[in-house]
Number of protein chains: 2
Amino acid sequence: MPVAKNIVQLQQQIRSRYDDLSKRLQQVASYVLDNNNSLAFDTIAVIATQADVPPSTLIRFAKAFEFSGFNEIKQLFRRDLIEETASYTDRARLLKEHEPEQTGRGKPLHILQQFAQVNSQAMHQLATQTSQQQLEMAVDMLSKADNIYIIGLRRSFSIATYLTYALRHAECRAFLIDGLGGMFNEQLSMVGKNDLVLSISFSPYAEETVMLSKAAAKAGAQQIIITDSQISPLAAYSDVCFVVNEGKVDEFRSQSASLCLVQSLAVALAFKQENTH
Amino acid sequence: MPVAKNIVQLQQQIRSRYDDLSKRLQQVASYVLDNNNSLAFDTIAVIATQADVPPSTLIRFAKAFEFSGFNEIKQLFRRDLIEETASYTDRARLLKEHEPEQTGRGKPLHILQQFAQVNSQAMHQLATQTSQQQLEMAVDMLSKADNIYIIGLRRSFSIATYLTYALRHAECRAFLIDGLGGMFNEQLSMVGKNDLVLSISFSPYAEETVMLSKAAAKAGAQQIIITDSQISPLAAYSDVCFVVNEGKVDEFRSQSASLCLVQSLAVALAFKQENTH
DNA sequence: TATTAAATGAAATAAATAGTTCATTTTTGT
DNA sequence: ACAAAAATGAACTATTTATTTCATTTAATA
């Protein structure tokens, strides 16, 4: 019997061997099967107390399943928790540690696989960390605004571009602030009281985006912000602020989660319009 | 100021005092705000490395916020994670059991979850169905081209936009064909023999994109195509053709997989340039 | 720019946590 | 019921992890 590589395997092994274990080891087994969170977080001493066995029994249990110590079992549970909820950064680090030169570092396919992995993770995080309330508020604001001005420069420009396209398809008066013809100021000055500004900006935050945010605040317009950190300079001006944890490969940040968020907003808005007309 | 009793309180305190903190303490602050899971799981040594500060700074940070040590902060995040995962597991179970009206069909969060889900799958598919050979050939062609012309209209415009941005950062002569000022024909006619055209087009295929493809073929330029079907009208002209299977929610197609592909190409190219110079 | 205070980081120390040992108890087979 | 073997638990040791210290650097003040 090989040593278990993840929780599911371990649980299977425990169940299949349960009847052959000694009394104390059964106690441990049943605790291990029922208390995932405790295993991930508590110390051996605490776990031993909870399971009502001496600490050494835990180590014996681990060794009975071919581990070098109980800590390896705890690691298993930790990693599982991380995979369920973790920020992609944690994930990526784990990947790098556990998956050395498989596809070949720097090779295109390897890069693609890393991005795919990291994006997939970021998607999950986005879905779990975004609240219904934020979303509904944002959609509501979008649906009530006279005009919607969208700004996102440099890296964020493509996201802004897409959102503008999508909102137009939801029959919104959406305008992309692109600075075309050097007309940033002219475009910025259009924002009025019943309008809404949606800014997308990641570190390093573009000057113009921050300026628009200020201008919008002054004009009394509502604001939705999509950014990458709680302490983003934009967060201060926002009515609704989405902090998106994008994945990255080496130093290259992905965009996928932001794109997903933006598209979800547009589609949710489309649904809403449909139901109210 | 009383000591924070939970994550939300702590985050508020950090944000409000951020500007008054020293440089290193700000580094820690920003890491603490953005890496919940790392804080729950990693040791001080690991966190210090990730935040790029010495361990002692973490303890100083904790003390600046009235904790007795950094471990108290870690406890805060652990407790929060336990609560969060418990409720997430519950929610996930409920979702599966009551599929229909639980999160609410058409509700923003439900839409976001669906998109996150299908995108995550699409990522996986992309990573497994794309071949090393295609990718390497594409990267090679990109690195050798005199000029790179990129076209993608309507829905694909944002992807084209992003690729242009990314290639410019990899020090490529990349040009976005955007039809600005009604100059499609003028832009198209620039394509020469040693140039490369990268077209992105999904059904329904934009006329201009197909035209460019033909023009490029006539001019003897190389072509990379990103599309959604083997029988796309573009596939015929391509030297390398990526068929991307995007996810969709109801009738709304996602874009994330294409974005991921495009970014991987750009990063792979950047790596290649770096290694050859 | 000289002086002092604040911030920083490397290395040492303290605390905690995990794992080992061995004497004792319990079980098993005859 | 009696070895012999297996299981058990208390106390000990080793290891890892958190915290403190202090010499050095950086920034502020006069």
Side-chain angles (χ1 to χ4, degrees), chain A residues 1 3-4 10 13-14 17-32 35-79 81-82 90 93-94 97, chain B residues 3-4 10 14 17-32 35-79 81-82:
Chain A
M1 178 192 59
V3 54
L10 176 60
Q13 291 184 14
I14 294 175
R17 291 181 49 188
Y18 186 85
D19 291 331
D20 304 328
L21 296 173
S22 76
K23 192 156 134 265
R24 285 278 122 116
L25 258 32
Q26 287 188 351
Q27 263 177 262
V28 177
S30 101
Y31 188 86
V32 169
N35 296 74
N36 300 17
N37 282 337
S38 161
L39 288 163
F41 288 112
D42 294 334
T43 68
I44 297 224
V46 172
I47 296 170
T49 307
Q50 307 252 323
D52 194 27
V53 295
S56 44
T57 301
L58 295 187
I59 283 93
R60 285 200 192 98
F61 177 85
K63 296 201 165 166
F65 286 88
E66 316 282 326
F67 294 98
S68 83
F70 197 79
N71 222 15
E72 291 193 3
I73 289 183
K74 288 184 52 177
Q75 287 308 120
L76 237 48
F77 281 84
R78 284 197 188 168
R79 212 169 327 134
L81 246 197
I82 288 176
D90 297 323
R93 207 188 64 242
L94 287 180
E97 281 169 7
Chain B
V3 56
L10 176 60
I14 294 176
R17 291 183 48 190
Y18 186 84
D19 291 330
D20 303 327
L21 296 173
S22 75
K23 196 157 127 261
R24 285 278 120 113
L25 256 33
Q26 287 188 351
Q27 261 175 264
V28 176
S30 139
Y31 188 88
V32 169
N35 294 74
N36 301 13
N37 292 314
S38 160
L39 288 164
F41 285 113
D42 294 334
T43 66
I44 297 227
V46 172
I47 296 170
T49 307
Q50 306 253 328
D52 194 26
V53 296
S56 44
T57 301
L58 295 187
I59 282 92
R60 282 197 196 101
F61 177 86
K63 296 200 163 165
F65 287 86
E66 315 283 326
F67 294 97
S68 82
F70 196 80
N71 223 16
E72 290 194 2
I73 290 184
K74 286 184 54 177
Q75 286 310 118
L76 238 49
F77 281 84
R78 285 196 186 171
R79 232 182 306 137
L81 188 54
I82 289 176

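Values reported hereafter were calculated over all heavy atoms of this structure, with side chains retained and with hydrogens, waters and symmetry mates removed. Letters A, B, ... are given to chains in the order of the sequence lines, protein chains preceding strands, and every chain is numbered from 1.
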Is there a side-chain contact (heavy atoms from CB on, under 4.5 Å) between A:V46 and A:F41? Walk through the geometry before answering. CA-CA 10 Å; A:V46 172; A:F41 288 112; over 6 Å; no
Is there a donor-acceptor pair closer than 3.5 Å between any side-chain N or O of A:R60 and the backbone N or O of A:R24? no
Between the side chain of B:Q27 and the main-chain N/O of B:D52, is any donor-acceptor distance below 3.5 Å? yes
Would you mind reporting whether [Y] and [X] have side-chain heavy atoms less than 4.5 Å apart?
{"X": "A:I73", "Y": "A:F61", "answer": "yes"}
{"X": "A:L76", "Y": "A:F67", "answer": "yes"}
{"X": "B:T57", "Y": "B:P54", "answer": "yes"}

Overall bend - the helix from C:dT1-D:dA30 to C:dT30-D:dA1, comparing terminal axes fitted on five pairs, nearest 10 degrees: 30°
With a strict under 4.0 Å distance from non-hydrogen atoms of chain B, what nucleotide opens and what nucleotide closes the contacted stretch of DNA chain C, reading 5' to 3'? C:dA7 to C:dA10
Distance (rounded to the nearest 0.5 Å) between [X] [atom1] and [Y] [atom2]:
{"X": "B:L39", "Y": "B:I44", "atom1": "CG", "atom2": "CD1", "value": "10.0 Å"}
{"X": "B:L58", "Y": "B:K74", "atom1": "CG", "atom2": "NZ", "value": "10.0 Å"}
{"X": "A:R78", "Y": "A:N71", "atom1": "CZ", "atom2": "CG", "value": "6.5 Å"}
{"X": "A:D20", "Y": "A:L25", "atom1": "CG", "atom2": "CG", "value": "11.0 Å"}

Could you write out each protein N or O paired with an N or O of nucleotides 16-20 of chain D at a distance under 3.5 Å?
| residue | atom | partner | partner atom | Å |
| --- | --- | --- | --- | --- |
| D:dA18 | OP1 | B:K74 | NZ | 2.8 |
| D:dA18 | OP2 | B:I44 | N | 2.5 |
| D:dT19 | OP2 | B:F70 | N | 3.1 |
| D:dT19 | OP2 | B:N71 | N | 3.4 |
| D:dT20 | OP1 | B:K63 | NZ | 3.4 |
| D:dT20 | OP2 | B:K63 | NZ | 2.3 |

